[in-house]
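What follows is a single structure, written as structure tokens, with notes after it.
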There are 2 protein chains.
Amino acid sequence: MDIEISQQHQDDQQRVAIFKALADANRLRIIRVLYQAQREMTCSEVGAQLNISKSTVSYHFKALRLVGLTNTRQVAQTKYLSLQFTTFERYLPGFLATL
Amino acid sequence: MDIEISQQHQDDQQRVAIFKALADANRLRIIRVLYQAQREMTCSEVGAQLNISKSTVSYHFKALRLVGLTNTRQVAQTKYLSLQFTTFERYLPGFLATL
DNA sequence: TTTTTAGTTCGATATTTATCGAATTAGAAT
DNA sequence: ATTCTAATTCGATAAATATCGAACTAAAAA
């Protein structure tokens, strides 16, 4: 019983973190761009497309990555971002399709 | 085209508001309690169950109501809260089942 | 080796937010 | 009319967050 409760509590921590990550217009835009492009994108690319400073984009990229909503693949100094679909499936099944 | 973009933007405003509303452990607990109870609940009732002060519960109730995640039915000075399923369906289909 | 490029981190700032107890409102019950 | 009950609002406070430009790091290119 205690185990179940604390498990639920832990899941809530993760849910809160994920919702926080999604509760920002720029991060939603980043997710949409990635979803619609159906491919990886770099920091600069997203920054240019959405007209946000590179430091801010970097900040948001990190926020998304930290809660497991995105993946990073690094090639030299360039980082490619993509959606981590399993996280969406698990915590927000059907959400991406609503974008 | 502009119409579609601004429509998308407006939807994002709503999405951000909804995610903000869900990005709080106490509000998630309130939603779970309402979902599992499968019935309306009052401010006091929820406050007692979750051990939160009544002013804080009232604050959270309002937050949930303002973004359309819950309904209120008032009887005299007592307010009964319930989930607004249509909002969940529209913006977070399948989410409630993950709780 | 110098210069360019991609991204991160830092410092500063302004805004938002969660929380509580106290005061308040409005209705119910005595 | 007084008292009790349910909920909201207020004031204060502490914590989190988004943003930018500037400084920095590390790798690629020249």
Side-chain angles (χ1 to χ4, degrees), chain A residues 9 12-34 37 39-83, chain B residues 9 12-34 37 39-83:
Chain A
H9 182 257
D12 272 3
Q13 301 268 73
Q14 185 60 18
R15 286 191 185 95
V16 167
I18 286 174
F19 284 132
K20 272 189 185 169
L22 293 170
D24 178 275
N26 278 332
R27 285 193 292 267
L28 278 186
R29 290 165 79 209
I30 292 172
I31 288 170
R32 179 179 297 112
V33 158
L34 285 169
R39 62 179 175 82
E40 303 172 309
M41 292 180 84
T42 66
C43 209
S44 328
E45 201 174 0
V46 172
Q49 189 144 37
L50 302 184
N51 211 39
I52 315 170
S53 82
K54 64 179 179 170
S55 56
T56 301
V57 173
S58 176
Y59 171 77
H60 289 314
F61 269 36
K62 194 174 193 175
L64 292 171
R65 196 167 9 92
L66 283 178
V67 300
L69 288 173
T70 57
N71 281 115
T72 292
R73 182 175 67 90
Q74 180 154 7
V75 175
Q77 74 274 57
T78 303
K79 278 186 177 167
Y80 294 90
L81 218 81
S82 58
L83 297 180
Chain B
H9 182 258
D12 272 3
Q13 300 268 71
Q14 185 61 17
R15 285 191 186 96
V16 167
I18 286 174
F19 284 131
K20 273 188 185 170
L22 293 170
D24 178 275
N26 278 331
R27 286 193 291 270
L28 278 187
R29 289 165 80 209
I30 292 172
I31 288 171
R32 178 179 297 114
V33 159
L34 284 169
R39 62 181 175 81
E40 304 171 311
M41 292 181 85
T42 66
C43 207
S44 327
E45 202 175 359
V46 173
Q49 191 145 42
L50 302 184
N51 211 39
I52 314 170
S53 83
K54 63 180 180 172
S55 57
T56 300
V57 174
S58 176
Y59 171 77
H60 288 316
F61 268 37
K62 194 175 195 175
L64 292 170
R65 198 168 5 95
L66 284 178
V67 300
L69 288 173
T70 56
N71 281 115
T72 294
R73 182 176 67 91
Q74 180 156 9
V75 175
Q77 73 275 58
T78 303
K79 278 185 176 167
Y80 294 90
L81 218 82
S82 59
L83 297 180

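Throughout, a chain's letter reflects where its sequence line sits, starting with A, and its residues are numbered from 1.
The interatomic distance linking A:L64 (CG) with D:dT17 (P) rounds to 13 Å, in whole Å. Regarding A:K79, its NZ atom lies at a distance of 12 Å from the P atom of D:dA27, rounded to whole Å. Put simply, CD1 on B:I30 is 13 Å from C1' on C:dT19, counting in whole angstrom units. Look at NZ on A:K62: it is 14 Å from C1' on D:dT17, rounded to the nearest Å. Counting to the nearest Å, the P atom of C:dA18 and the CG atom of B:L50 are 15 Å from each other. Between A:L66 atom CG and C:dT8 atom P the separation is 11 Å, expressed in whole Å.
Exactly one of B:T70, B:T72, B:N71 qualifies for a side chain to side chain donor-acceptor pair (under 3.5 Å) with B:R65. That residue is B:T72. The only member of B:L50, B:D24, B:L34, B:N51 that meets side-chain contact (heavy atoms from CB on, under 4.5 Å) when paired with B:R29 is B:L50.
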| Verdict with reasoning, B:E45 to B:R39, per salt bridge (charged side-chain N to carboxylate O under 4.0 Å, His left out) | CA-CA 12 Å; B:E45 202 175 359; B:R39 62 181 175 81; 3.0 Å; yes
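With DNA chain D read from its 5' end, the first of the two nearest nucleotides for A:A23 and B:F61 is the one closest to B:F61.
Here the OG1-CZ distance, from A:T78 to A:R73, works out to 10.0 Å after rounding to the nearest 0.5 Å. With rounding to the nearest 0.5 angstrom, the CG atom of A:D12 is 9.5 Å from the CZ atom of A:F19. To the nearest 0.5 angstrom, A:K20 atom NZ is 10.5 Å from A:R27 atom CZ. For the atom pair B:L81 CG and B:I30 CD1, the distance stands at 8.0 Å (nearest 0.5 Å). In this structure, the separation between CG on B:L64 and CD1 on B:I18 is 11.0 Å, given to the nearest 0.5 Å.
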Between protein and nucleic acid, restricted to nucleotides 26-28 of chain C and to nitrogen or oxygen atoms under 3.5 Å apart, what atom pairs and distances do you find?
none

| task | Heavy atoms under 4.0 Å is the rule here; annotate nucleotides 19-25 of chain D 5' to 3' with B where the base is hit, S where only the sugar-phosphate is, and - elsewhere. | result | BBBB---
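OP1 or OP2 of D:dT9 has not a single side-chain nitrogen or oxygen of B:S58 nearer than 4.0 Å.
Shown here for B:A76 and B:Q74, the closest heavy-atom pair between the two residues is O-NE2, 3.0 Å.
With D:dT8, C:dT17, C:dA6 as the candidates, the nucleotide lying closest to the side chain of B:K20 is C:dT17.
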